[in-house]
Every structure is written in C-alpha cells, then in structure tokens.
Amino acid sequence: MVDHAGNEIPLVFDGTTEHAELKRSFAVFDSSVAGKHLSDSGPLGFKPAGFDVFPEMARVYGLLAQKLAAAIDVRPKQNRFVNAFIGNVTAASAAVAALGPKTDLVALRKLAEYGKDEDARLEEIQRLTLELQSTSPEESIRR
C-alpha cells in the first residue's frame, strides 16, 4: 500500500488484524455478497470517504487534553503573584495571594473596578506631589 506522501507501507494479512487504512480506501464484495445486500433488509448506510475525520478529531482532542492535564500536573503550583504587592494587605492583594484554579472570577473582577476610593487615593497622591514640587529642597533640608 502507498500512503498520501508516496511512501510504501507493507501490510501483513494474518486474518485477525484489521487495517484502518484499507477500510477507508476501498470496499470489496463479490456477486454472492452483492446478492445478500440486495435481498436482505437492513438499514441503508452511506459513509463518504473522509467522514472519519470527526471521530479522529475527537480522539486527538482527547489525547491533547490528557497531555495538557499531565503538563499542568508537573508545573509548580506556587502562586508568585503576591510578590508584586508591597506594603499593607488590601482586598486585592489578599485575593491575588489566594489566586488558584477555584478562584471566583466574578469577585476578582469586582476588585479590578475603578471607583470612588481609587479616585480619592489618586487625588491625594496628586496633592502630595504638588506639595512636594512647591517646596524648595533647601527649605526641606533645613527642616
């Protein structure tokens, strides 16, 4: 048999092994089998060549899922995001420290909302910045 790339593939017929490559390629029956198909009642089946792609795709996705799960299992599970926060523990830094696969994303997104508290903190930072800029360095050194 020759594959799609032109490579010759030897197939051994031992009477027990099924070759999927041959099932896709062609079907063989003689006059006695044709008569059986025409005289016996049974379900009509039609499977165009190439429609085995869906079961094969499902099989490959299953293998990918297994490999991904195995890769996840060997990775370190330590959460290093907490190192990005300096100073007081806030609700956001506590949520990031506890971040994991079972984290409630809705609650986490609420912590990311910009609101009145953030506006007040930004105004305070701007006020302190202007205060520091308006003070001369000599005066600060004297104090």
Side-chain angles (χ1 to χ4, degrees), residues 1-30 33-34 36-143:
M1 182 175 149
V2 179
D3 68 4
H4 64 282
N7 301 319
E8 192 169 316
I9 302 172
L11 298 175
V12 178
F13 294 98
D14 58 9
T16 59
T17 305
E18 290 189 17
H19 298 281
E21 296 86 2
L22 293 179
K23 284 185 171 184
R24 281 196 279 186
S25 301
F26 56 89
V28 177
F29 58 90
D30 58 11
V33 172
K36 182 166 177 51
H37 281 292
L38 293 173
S39 63
D40 290 350
S41 64
L44 176 64
F46 174 69
K47 185 176 178 185
F51 267 75
D52 59 341
V53 70
F54 299 114
E56 180 64 11
M57 195 167 64
R59 185 187 70 78
V60 169
Y61 284 156
L63 290 174
L64 286 173
Q66 289 173 357
K67 287 185 178 216
L68 183 59
I72 289 170
D73 287 342
V74 299
R75 299 266 190 265
K77 298 201 179 1
Q78 181 183 7
N79 177 348
R80 295 189 187 121
F81 294 123
V82 71
N83 298 336
F85 294 92
I86 299 171
N88 297 337
V89 175
T90 63
S93 65
V96 168
L99 194 61
K102 296 185 185 209
T103 299
D104 180 8
L105 295 181
V106 173
L108 190 63
R109 283 188 182 105
K110 283 186 180 183
L111 290 173
E113 292 175 1
Y114 190 84
K116 292 177 185 177
D117 292 340
E118 290 75 26
D119 274 335
R121 178 73 177 132
L122 186 58
E123 286 175 16
E124 177 65 17
I125 290 171
Q126 288 173 343
R127 186 189 65 75
L128 290 173
T129 301
L130 287 173
E131 185 180 309
L132 285 173
Q133 289 173 343
S134 66
T135 308
S136 72
E138 294 87 18
E139 186 180 322
S140 296
I141 292 172
R142 274 184 283 179
R143 276 192 267 156

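Residue Ala98 comes nearest to Thr103 through the heavy atom pair O-OG1, 3.9 Å, listed as atom of the first residue, atom of the second, then distance.
More than 12 heavy atoms of other residues, nucleotides or ligands sit less than 6.0 Å from atom OH of Tyr114. Within a 6.0 Å sphere centred on CZ of Phe85, heavy atoms belonging to other residues, nucleotides or ligands number more than 12.
Expressed to the nearest 0.5 Å, how far CG of Leu64 lies from CZ of Arg59 amounts to 10.0 Å. Between the CG atom of Leu111 and the CZ atom of Arg109 there is a distance of 12.0 Å, given to the nearest 0.5 Å.
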Check the pair Gln66 / Leu63 against side-chain contact (heavy atoms from CB on, under 4.5 Å), numbers first and verdict last.
CA-CA 5 Å; Gln66 289 173 357; Leu63 290 174; 3.8 Å; yes

I would like to know whether Glu123 and Arg127 meet side-chain contact (heavy atoms from CB on, under 4.5 Å); could you show each step before the answer?
CA-CA 6 Å; Glu123 286 175 16; Arg127 186 189 65 75; over 6 Å; no

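Judged by distance alone, the side chain of Glu118 and the main-chain N or O of Gly115 form a donor-acceptor pair under 3.5 Å. Formation of a donor-acceptor pair under 3.5 Å by the Ser134 side chain with backbone atoms of Leu130 is found in this model.
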